[in-house]
Amino acid sequence: MPPTTGERFERAVAIMHRLRAPGGCPWDREQTFDSIKPFTLEETYEVLEAIDNRDWDELSGELGDLLLQVLFYSEMSREQGTFSIDDVLDRLSTKLVERHPHVFGDVQAETSSEVIRNWEAIKAEEKKKRLAAGGGKSTKESAPQSVLAGVSPAMPSLLEAHKLSSRAAHVGFDWPNVEGLFDKLHEETEELREQLKDFPAPGPRPPARGIAGSGAPGVPEALRARLEEEVGDLLFVLVNIARYLSLDPESALKKTNRKFKRRFQWIEDQLRVSGRSPEQAAAEELESLWQQAKQTEKSHP
């Protein structure tokens, strides 16, 4: 008989325990919660890349790497006596059951929107219970709960913007239609253009070739702050357009990044044939090659 899912999971837990135990792996034994954090982020993005590439074989491996992070944190927590993988699994199962009363209880939810509203109400109730259990010690803890609470500022800014606007939209703070978003995009673009009138002469120019930012005109700090705010507003509207269209802005930008990288490397390959690099090509030639790269992709999807 092949091993069960539970047996496979227990084996992975046992292997992690062995790696951290005396006589285990020196590298694994040296790791801390803080040293593992960058790997957790890296593995998360590798999972997303495998999904974007529809590489299912790679995805199974990347999900294993991501699960390793959970096992690693849980084993370190068990060692210091705070919690174990059993606590992680128990809390997960309890949360899944309690937050899906329309599946495991008698609550009705026919649409995704109803599910999300129920979910937010349940989370708010859970927060009240935690405060009650803790005696509501601080004024901050006992203050009315914001609908934006729980959106971590540590997450990537595109994802944070998407979550913040989604939370606000759940309570009705949203554009009535997508045209309102395009109006807002135009408004924010005009506000940025208005601020650019104060940009030092001769105005914004591409940075000099070679070193990023070299040759850029000095911009007063107050103006730089205003420009940063306006660009941020533009990005926020674009994130909302993605949300309105049920698109993930992080994934959309990642795909565009890869597309840019693929096309630019095609340009490099073409120039390399003649023994040149992009630095040795005129701007007009680079633009012509860029258009060729686009056409090449269209003819060979």
Side-chain angles (χ1 to χ4, degrees), residues 38 41-42 45-46 48-55 58 156-162 178 181-242 245 247-301:
L41 189 59
E42 178 182 343
Y45 280 111
E46 289 180 356
L48 299 180
E49 182 175 7
I51 293 173
D52 287 342
N53 294 335
R54 295 299 188 263
D55 190 338
E58 183 70 13
S157 55
L158 283 178
L159 179 58
E160 182 187 10
H162 190 276
V178 74
L181 275 162
F182 284 114
D183 290 341
K184 185 65 175 175
L185 183 63
H186 176 73
E187 174 189 330
E188 296 297 349
T189 302
E190 289 304 308
E191 289 182 5
L192 175 59
R193 293 172 68 91
E194 187 66 26
Q195 294 296 335
L196 287 175
K197 292 179 179 179
D198 295 331
F199 202 92
R205 293 290 185 276
R209 285 191 176 190
I211 303 175
S214 61
V219 180
E221 189 57 38
L223 175 59
R224 183 180 298 276
R226 297 200 304 273
L227 292 174
E228 182 179 55
E229 180 179 353
E230 297 300 342
V231 170
D233 289 346
L234 263 176
L235 289 171
F236 194 81
V237 175
L238 289 171
V239 168
N240 274 277
I241 290 175
L245 300 176
L247 299 173
D248 173 18
E250 184 70 26
S251 177
L253 184 56
K254 276 284 184 184
K255 290 178 180 177
T256 295
N257 290 343
R258 294 190 190 112
K259 179 172 63 177
F260 178 87
K261 180 179 179 181
R262 188 171 61 246
R263 291 176 178 176
F264 189 82
Q265 288 176 336
W266 185 90
I267 292 175
E268 290 177 312
D269 290 340
Q270 303 310 303
L271 290 170
R272 199 172 291 118
V273 172
S274 60
R276 293 181 297 155
S277 66
E279 293 88 347
Q280 298 168 309
E284 294 78 7
E285 183 180 9
L286 291 175
E287 174 60 24
S288 175
L289 286 169
W290 178 262
Q291 295 302 324
Q292 292 178 47
K294 290 170 62 176
Q295 290 301 318
T296 300
E297 284 195 350
K298 289 180 180 179
S299 59
H300 299 88

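Note that the numbering runs from 1 along the sequence shown for the chain.
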Would you sort out whether S251 and D52 count as a side chain to side chain contact (heavy atoms under 4.5 Å, CB included), showing the intermediate values? CA-CA 8 Å; S251 177; D52 287 342; 3.6 Å; yes

Exercise: identify the closest heavy-atom pair between [X] and [Y]:
X	Y	answer
L286	P278	CD1-O, 4.0 Å
F199	L223	CA-CD2, 3.7 Å
P249	L158	O-CD1, 4.0 Å

E191 versus Q195, side-chain donor and acceptor atoms under 3.5 Å: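 Distance-only check fails for Q195 and E191.
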
Are the side chains of [Y] and [X] in contact, using a 4.5 Å heavy-atom criterion?
X	Y	value
R258	E49	yes
V231	E228	no
P204	L196	yes
F182	V237	no
E250	Y45	yes
E230	T189	no

State whether the side chain of [X] and the backbone N or O of [Y] hold a donor-acceptor pair below 3.5 Å, judged by distance alone.
X	Y	result
D55	I51	no
T256	A252	yes
S288	E284	no

If you count heavy atoms of other groups shown closer than 6.0 angstrom to CD of E187, is the number above 12?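 Yes, the 6.0 Å shell around CD holds more than 12 heavy atoms from other groups.
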
Does [X] come within less than 4.0 Å of [Y], counting only side-chain N to carboxylate O?
X	Y	result
E297	K259	no
E285	R276	yes
E188	K184	yes
K254	D248	no

Trace of the side chain to side chain contact (heavy atoms under 4.5 Å, CB included) decision for Q291 with K294: CA-CA 5 Å; Q291 295 302 324; K294 290 170 62 176; 3.8 Å; yes

Going by side-chain contact (heavy atoms from CB on, under 4.5 Å), name the residues that satisfy it together with F260, two or more places apart in sequence or in a different chain.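 Partners of F260 under the side-chain contact (heavy atoms from CB on, under 4.5 Å) test: F264, W290.
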
Test side-chain contact (heavy atoms from CB on, under 4.5 Å) applied to D269 - qualifying residues, sequence neighbours left out: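 Only R272 meet the side-chain contact (heavy atoms from CB on, under 4.5 Å) criterion with D269.
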
Measuring from atom [atom1] of [X] to atom [atom2] of [Y], what distance do you get when rounded to the nearest 0.5 angstrom?
X	Y	atom1	atom2	answer
R262	N257	CZ	CG	11.5 Å
L253	L247	CG	CG	13.0 Å
K261	E268	NZ	CD	10.5 Å
R226	E194	CZ	CD	10.5 Å
L234	L185	CG	CG	6.0 Å
K197	L192	NZ	CG	12.0 Å

Taking it one step at a time, do H186 and D183 satisfy side chain to side chain contact (heavy atoms under 4.5 Å, CB included)? CA-CA 5 Å; H186 176 73; D183 290 341; 5.7 Å; no

